[in-house]
Amino acid sequence: MWAANLLFPEALTDFLQGLNDVQRQAVLATEGPVMVLAGAGSGKTRVITYRIAHLIRNVGVLPQNILALTFTNKAAGEMRQRIDSILEYGSASSLWIGTFHSVFARLLRSYIHLIGYDRNFSIFDADDSKSLIKQCMKELNLSPETLPVNLVHSAISKAKNSFVLPPEFHRKAIDDQSQKISLVYERYVHKLRENNALDFDDLLIKPIELFTEQPRVLEQLQDYFKYLLIDEYQDTNRVQYLVAKMIAEKHRNIFVVGDDAQSIYSWRGADISNILNFNDDYGDAQVFKLVDNYRSTKTILDAANSVISRNTHQIKKELVANAGMGEPITLIEAFNEKREAEKVAEHIKSIRLSKGAQYRSFAVFYRTNAQSRVIEDMMRQNRIPYKIFGSVSFYKRKEIKDAVAYMRLVLNDRDSESLLRVINFPPRKIGDVSINKLKEFAEERNISLYEAVKRAGEGGFQARLVNALTQFTDLIEAMRKQAEEGTAYDVLSMLYETTGLLSLLKEENTPEALARHENLQELLSMTRDFADHNPNSATLGDFLSTISLASDYDETQESDNYVSLMTVHAAKGLEFPVVFVTGMEEKLFPLNSYEPGELEEERRLFYVAITRAREKLFLSWAQSRYMYGQPQMCMRSTFINEINPNIIVTEGGRKLSESPKKVAATAMAGRPVFGSSLRPQPGGSPAAKVPTVKPAGSARPTGAAKSEYRPGTRVQHAIFGPGTVLEVQGSGAKQKVKINFRTAGEKTLMVQYANLKIV
DNA sequence: CGTTGATCAATTTTT
DNA sequence: TTGATCAACG
């Protein structure tokens, strides 16, 4: 403590007093490589923000010489705000804080001409990329049936994230499929350039190319960004690692914060070894471990610790509680997903009444977005204000994408993706046939599609078509002029007026059209806000780069009072007093995991979910759940068994450890296996009955819940012999079971006729 | 050229 | 369950 005073006599020791010893050491170790392993809720953001504040205030570093990279825009925004509140307002404005993607997009605007792109490049989102990939495949005569576009897209993205460029990919492609993908990859990269476009991954790859080809730019940036900080380091991929390394190479002031236990993005190329091997690159690195948790009760942390301890590929660390035991974890068991959601709603209402909790204190998590619908319905039925994060992003809505495509085209007329999207929307009598002719025309002359549209007069097309095309280009050119002089707001208002996007929806007069209309209005007011917040840089280009990297997850929870609904992934970095983790079922959470590595990631995800809770944690599961429109039997997640049953209670308040043990199907030989592990024991206390009020009519028992077959049940068939039940569909007379027979393979049989014997 | 109907396919997680 | 894609028709 006094050391800080000695070094910085007039320093803001008051703000450093708000830190524990390890946190303070991490803040004060400003020079050289530093890694902070920060457990959940251990004050990670605090350390980063205080460190930045300390660099500016006490060390005298200019804000613009600090580069802080985050994983989400939201984290960036919050960080900037917190630094502002530690120092004085506005101190953080010239800091470089943002996601890898947004920071490098910004840098590329200034430098990308050096590697042959125009500064007005478009940024392609995943949908744009897929559509371009589809086009490439078509040209290569590869049908999406044998080679799914999604697969190609993820393969290419994965390659890019690992900095494997087409030549190397080609060399490594041994099997038939990867050779095909290699061809697509090559063509796709070529086409992106033709479109003067970068996809998400390019935003990280192009800087590396730039630095390699133009070492002087790299030197310049190395000198400029004297201090580099990276948040959520466990979720960085290889390209991010490389680019960070390049920038930090000169001053070596690289500071990374992360938690290997919270690495949940390996499917997106995140490489956990970045954090595990930090010391290999920076042997002299100082390492700090933050394990003091300031968020959750001891009960919650006990659960989290015991779950994560099952992972082998993990740096051992246990979170230490600063709070008391708190309440036990409640396990909710429901007979289907509807009832599950209903119970969640009931608990929210009851806690709100008994504890006076605000709606904003609650969060409901789920593994997949598809689960949100039922929960949403139940919230609405129970008149609980809620907000869904994610789901269908605002920016992915058709009307928004249309408007954005226009804007992109205005700025970058080589963006043929956008051109194709809007050339005949709203309808202008320019059909597929004409477009194909135009494409040929462009190819022949080796000009961009837009150029071809402009020069259609030379192509000997029908006068009516040429006329329609000219009207279209006039529109675009007029907006281009507006874009040069005015703001994004000016361009968009003009766009709405001249293209008829708005009036088209007005005429339709359906509720959906109305919603779309509102969305477009919302987009317009966003441009207005944007101009207010960025008076000096509110051009169309500025606006477009911002929104192409924005997502719904960025919306900060303002003062509005609602229950938050989101996927577990979206919950990373957040905290709530009361958390419900729903869908705790095998094959859902953990989701189908075929490899042990994937199971470990699911477990980390569960760990993230648990550690979001401050005071009270609910885990819930349903015995049956609709999937693909079909009811499926479910088994309780094994993750539940990884928590000490002494700290879990059922809804009735009975300890899980005192409930009948869940017995594996094999151990129940000779007896039918029944679903519930929480069935009240004979002679058990009557208080164990679920106290919640059941709405009349929902008490209908389904056959499904009573089935004697569940996945895992061993059966004997007169012809096919012995087998194991894989899944159960339907109920009653129509009930079918899918069985894997030892000799006959997989069969789906009607229970009614199959004459199965349970063994 | 645009609309309709039918068929089929898919459900992880996101910058 | 929803959404997307494609063929045939107006």
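Computed from a predicted structure; not experimentally measured. No hydrogens, no waters, no symmetry mates; every other heavy atom, side chains included, goes into these values.
- Put simply, the side chain of A:D199 gets close to the backbone of A:D202: a donor and an acceptor are under 3.5 Å apart.
- The base of B:dT13 sits within donor-acceptor range of the side chain of A:R367, with an N or O pair under 3.5 Å.
- Heavy atoms of A:Y265 sit under 4.0 angstrom from primed sugar atoms or phosphate atoms, though from no base atom.
- As rounded to whole Å, 20 Å separates atom P of B:dA10 from atom CD of A:Q371.
- For the pair A:K396 NZ and B:dT13 P, the interatomic distance rounds to 10 Å; values are reported in whole Å.
- Under the 4.0 Å criterion applied to side-chain N and carboxylate O atoms, A:E337 and A:R373 are not assigned as salt-bridge partners.
- Between the P atom of B:dA10 and the NE2 atom of A:H153 lies a distance of 17 Å, rounded to the nearest Å.
- Separation of the A:F200 and A:F124 ring centroids does not fall under the 6.0 Å cut-off.
- Under 4.0 angstrom from either OP1 or OP2 of B:dG2 there lies at least one side-chain N or O belonging to A:N424.
- Counting non-hydrogen atoms under 4.0 angstrom, A:V568 reaches nothing in the nucleic acid.
- Between the side chain of A:N467 and the main chain of A:A463, no donor-acceptor pair closer than 3.5 Å is present.
- Distance A:E601 CD to B:dT12 P: 14 Å, rounded to the nearest Å.
- The residue from A:K398, A:R421, A:K401, A:K134 that alone fulfils the salt bridge (charged side-chain N to carboxylate O under 4.0 Å, His left out) condition with A:D127 is A:K401.
- No contact: A:I123 has no heavy atom under 4.0 Å from any strand.
- The phosphate of B:dT14 has OP1 or OP2 within less than 4.0 Å of a side-chain N or O from A:T567.
- What separates CG of A:D235 from P of B:dT14 is a distance of 12 Å, to the nearest Å.
- Taking atom CG of residue A:L588 and atom P of nucleotide B:dT13, one finds them 11 Å apart after rounding to whole Å.
- Taking the ring centre of A:Y265 as origin, the terminal cationic atom of A:R268 falls inside the region bounded by 6.0 Å and 45° from the ring axis.
- Cation-pi check for A:K245 over A:Y241 is not met; the charged atom does not lie both under 6.0 angstrom from the ring centroid and within 45 degrees of its normal.
- Residue-nucleotide stacking is not present for A:Y626 and C:dT1, judged by a side-chain ring centre under 5.5 Å from the six-membered base ring centre and planes under 30° apart.
- In this structure, A:L465 places its CG atom 8 Å from P of B:dC1, rounding to the nearest Å.
- Protein atom CD1 of A:I205 is 19 Å distant from nucleotide atom P of B:dT15, rounded to whole Å.
- Distance check on atom C1': C:dT5 versus B:dT12 gives 23 Å, rounded to whole Å.
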Every protein N/O within reach of nucleotides 5-9 of chain C N/O, cut-off under 3.5 Å:
unit_1 : atom_1 : unit_2 : atom_2 : d
C:dT5  : OP1    : A:K134 : NZ     : 3.0

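- Side-chain nitrogen and oxygen atoms of A:N369 include at least one within less than 4.0 Å of the OP1 or OP2 phosphate oxygen of B:dT13.
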